[in-house]
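Data first, discussion second: the structure below is written as structure tokens.
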Amino acid sequence: PKPSATATRIASSLASFFYLTDNILDSGGRQETFADGTPIKDRDGKPRMIPGLSLTNVLTTTLGLKILAVLAAALVGVALGLTISALVRSTTQAVMWVPLILIPQILFGGFVITVPEMSMAVYRFSHLVPSFSAQRVMDVSNIYGQATPFLTNRTKIPLFLTSDGSKEKLEWEENGRQRSQEYDRISLFNTSWQNLIVYPDRVGQHKQESTRVENGDNDFRIEYRDTTSNRYDVRYGKGTVFRFLLPAQLSLLTLGAWAVGCYLVILLGLRAKQTGK
């Protein structure tokens, strides 16, 4: 059935407020094509279509994961605070323990230092840090339903560009003349793309795309492109719709394990205080 005007307005408002417009637009059905853009047809000569995600699916999944990420992070945060209170013997000890708990949440959370910037040892350790799991759930909610955009060709760490190819234009005055320069605009969710679909152990391992330009007399030069549709250190090529919920599911289980573990320690700590042991 066709959605009502009210439902459409609500969906549009939610998409705009939570920056989900690209998620909704990219998640629709599309025609399957070869690498060069030629349409793929079935035996009857009809275009082969890739089924899309419904509007309800995209909205409930993205918004639901955002809410779960905030609630789970809050639950674990409170649990860590209560755990410190249950174990320490004085206010001074509590004040000393708080930064020891908070600083790793910042360093290993996957936002200040993204996954491609982490060593493999740090990347594996980060999976045990609650803030990393919360950020991972939020990352999935940010790009669920979006198609992988173009990315940079000449940088070590992959940068993901806007899906519509928009540019950032800078203008300035030099020697009395107005000058301007356009730059590729980086995706609003570049961090989420990096955290979820870049191989941390392959960062920078890609063959830069280039074009051979003949200058005549058996002379030529190589011109490197600024963007590319795929790289060896990125899981998916341009146009692949992200619809994978496993990273969020595993992260929610990790946060749940942290909450359960903390509350068990709290019970044991309070019991020890009551018995004086």
Side-chain angles (χ1 to χ4, degrees), residues 11-28 30 52-53 55 57-73 106 108-118 123 126-127 129 131-153 155-168 183-200 202-203 206 226-231 233-252 255:
S12 177
S13 299
L14 288 173
S16 177
F17 183 80
F18 290 101
Y19 299 97
L20 300 177
T21 303
D22 288 338
N23 305 63
I24 294 173
L25 294 177
D26 291 350
S27 63
R30 64 182 62 201
L53 301 170
L55 175 61
N57 182 319
V58 175
L59 284 178
T60 55
T61 300
T62 53
L63 296 180
L65 288 177
K66 290 181 188 297
I67 294 172
L68 284 174
V70 173
L71 292 179
I106 299 172
F108 300 102
F111 188 82
V112 175
I113 302 175
T114 59
V115 167
E117 299 173 292
M118 297 179 180
Y123 174 64
S126 296
H127 282 77
V129 180
S131 61
F132 182 85
S133 295
Q135 177 63 37
R136 206 161 180 80
V137 177
M138 194 64 74
D139 286 337
V140 174
S141 74
N142 286 338
I143 66 175
Y144 180 78
Q146 283 197 43
T148 306
F150 265 117
L151 54 154
T152 51
N153 181 39
T155 61
K156 175 184 176 182
I157 295 178
L159 295 177
F160 296 83
L161 308 178
T162 51
S163 58
D164 59 358
S166 60
K167 305 285 185 179
E168 181 179 7
Y183 298 93
D184 291 318
R185 188 184 293 274
I186 297 177
S187 169
L188 180 64
F189 301 115
N190 176 62
T191 297
S192 297
W193 284 114
Q194 288 184 338
N195 285 342
L196 289 172
I197 73 171
V198 173
Y199 293 107
R202 299 185 192 174
V203 170
H206 75 287
D226 292 330
T227 60
T228 184
S229 59
N230 58 73
R231 287 176 50 154
D233 49 2
V234 176
R235 283 184 171 84
Y236 314 116
K238 180 183 181 298
T240 303
V241 177
F242 189 90
R243 56 179 75 192
F244 313 106
L245 295 176
L246 184 60
Q249 294 167 344
L250 294 177
S251 296
L252 287 172
L255 290 170

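Predicted model, so just to flag it, every value in this text is computed and none were measured.
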Practice prompt. State, with a plain yes or no, whether a side-chain heavy atom of L188 is found less than 4.5 Å away from one of Y19.
Written response: yes

Worksheet item: Among all residues two or more places apart in sequence or in another chain, which pass the side-chain hydrogen bond (donor to acceptor under 3.5 Å, both in side chains) test with T191?
Response: none

Worksheet item: Are N153 and H206 close enough that some pair of their side-chain heavy atoms sits under 4.5 Å apart?
Response: yes

Discussion item. Can you list everything that forms a side chain to side chain contact (heavy atoms under 4.5 Å, CB included) with P200? Sequence neighbours excluded, please.
Written reply: V115, M120, Y123

Worksheet, complete the sentence: A73 meets the side chain to side chain contact (heavy atoms under 4.5 Å, CB included) criterion, sequence neighbours left out, with A134

Discussion item. Restricting to non-hydrogen atoms, name the atom on F132 and the atom on M118 that form the minimum distance, rounded to 0.1 Å.
Written reply: CE1-CE, 4.3 Å

Discussion item. Between I143 and F244, does the side-chain contact (heavy atoms from CB on, under 4.5 Å) criterion hold? Intermediate values first, please.
Written reply: CA-CA 10 Å; I143 66 175; F244 313 106; over 6 Å; no

Fill in: Residue pairs passing the salt bridge (charged side-chain N to carboxylate O under 4.0 Å, His left out) test where at least one lies in residues 183-197, sequence neighbours excluded
K167-D184

Worksheet entry | Nearest-0.5 Å distance, CG of residue L255 to OG of residue S131 | 9.5 Å

Fill in: Interatomic distance, D139 atom CG to F189 atom CZ [nearest 0.5 angstrom]
10.0 Å

Worksheet entry | Flag, side chain of Q194 to backbone of L159, donor-acceptor distance under 3.5 Å | no

Worksheet item: Which residues pass the salt bridge (charged side-chain N to carboxylate O under 4.0 Å, His left out) test with D233, sequence neighbours left out?
Response: R231

Item to complete: For S141, enumerate each residue passing the side chain to side chain contact (heavy atoms under 4.5 Å, CB included) test, keeping only those at least two apart in sequence or located in another chain.
Response: L65, K66, M138

Worksheet entry | From CG (L250) to OG (S133), nearest 0.5 Å | 9.0 Å

Item to complete: Could you tell me which residues satisfy side-chain hydrogen bond (donor to acceptor under 3.5 Å, both in side chains) with T228, sequence neighbours excluded, listed by chain and number?
Response: E209

Worksheet item: Considering residues at least two apart in sequence or located in another chain, which fulfil the side chain to side chain contact (heavy atoms under 4.5 Å, CB included) criterion with T21?
Response: A15, L25

Worksheet item: Taking only residues two or more places apart in sequence or in another chain, which ones pass ring-ring contact (aromatic ring centres under 6.0 Å, His included) with F108?
Response: F125

Item to complete: Verify side chain to side chain donor-acceptor pair (under 3.5 Å) between Y183 and D226, making sure each step is shown before the conclusion.
Response: CA-CA 10 Å; Y183 298 93; D226 292 330; over 6 Å; no

Discussion item. If I take atom OG1 from residue T60 and atom CD1 from residue I67, how far apart are they, to the nearest 0.5 angstrom?
Written reply: 10.5 Å

Fill in: Interatomic distance, L63 atom CG to F18 atom CZ [nearest 0.5 angstrom]
5.5 Å

Worksheet item: Are L151 and W193 close enough that some pair of their side-chain heavy atoms sits under 4.5 Å apart?
Response: no

Practice prompt. Mind checking side-chain hydrogen bond (donor to acceptor under 3.5 Å, both in side chains) for N190 and listing every partner two or more places apart, or none if nothing turns up?
Written response: none

Worksheet entry | Working for side-chain contact (heavy atoms from CB on, under 4.5 Å), residues L14 and L20 | CA-CA 8 Å; L14 288 173; L20 300 177; 5.7 Å; no

Worksheet item: Of all heavy-atom pairs between Y144 and N57, which one has the smallest distance, and what is that distance?
Response: OH-OD1, 3.0 Å

Worksheet, complete the sentence: In short, V137 meets A248 closest at the heavy-atom pair CG2-O, 3.8 Å

Worksheet item: Got a second to check how far S187's OG is from D164's CG, nearest 0.5 Å?
Response: 9.5 Å

Worksheet item: Run the side-chain contact (heavy atoms from CB on, under 4.5 Å) check on L196 and R136 step by step: do they pass?
Response: CA-CA 8 Å; L196 289 172; R136 206 161 180 80; 4.1 Å; yes

Item to complete: Keeping to residues at least two apart or across chains, list the salt bridge (charged side-chain N to carboxylate O under 4.0 Å, His left out) pairs with something in residues 234-244.
Response: none

Discussion item. Does any part of the side chain of F160, heavy atoms only, come nearer than 4.5 Å to the side chain of I197, both counted from C-beta?
Written reply: yes

Discussion item. Surrounding CZ of F111 (heavy atoms of other residues, nucleotides or ligands, distance under 6.0 Å), is the total greater than 12?
Written reply: no

Worksheet item: Going by heavy atoms in the side chains, are F242 and V140 under 4.5 Å from each other?
Response: yes

Worksheet entry | S27 side-chain N/O to I24 backbone N/O, donor-acceptor pair under 3.5 Å | yes

Worksheet item: Nearest heavy-atom pair of P116 and V203: which atoms, and what distance?
Response: O-CG2, 3.7 Å

Response to the item:
For G237 and N230, the nearest pair of non-hydrogen atoms, with its separation, is CA-CB, 4.0 Å

Worksheet entry | E117: side-chain hydrogen bond (donor to acceptor under 3.5 Å, both in side chains) partners, not counting sequence neighbours | T114

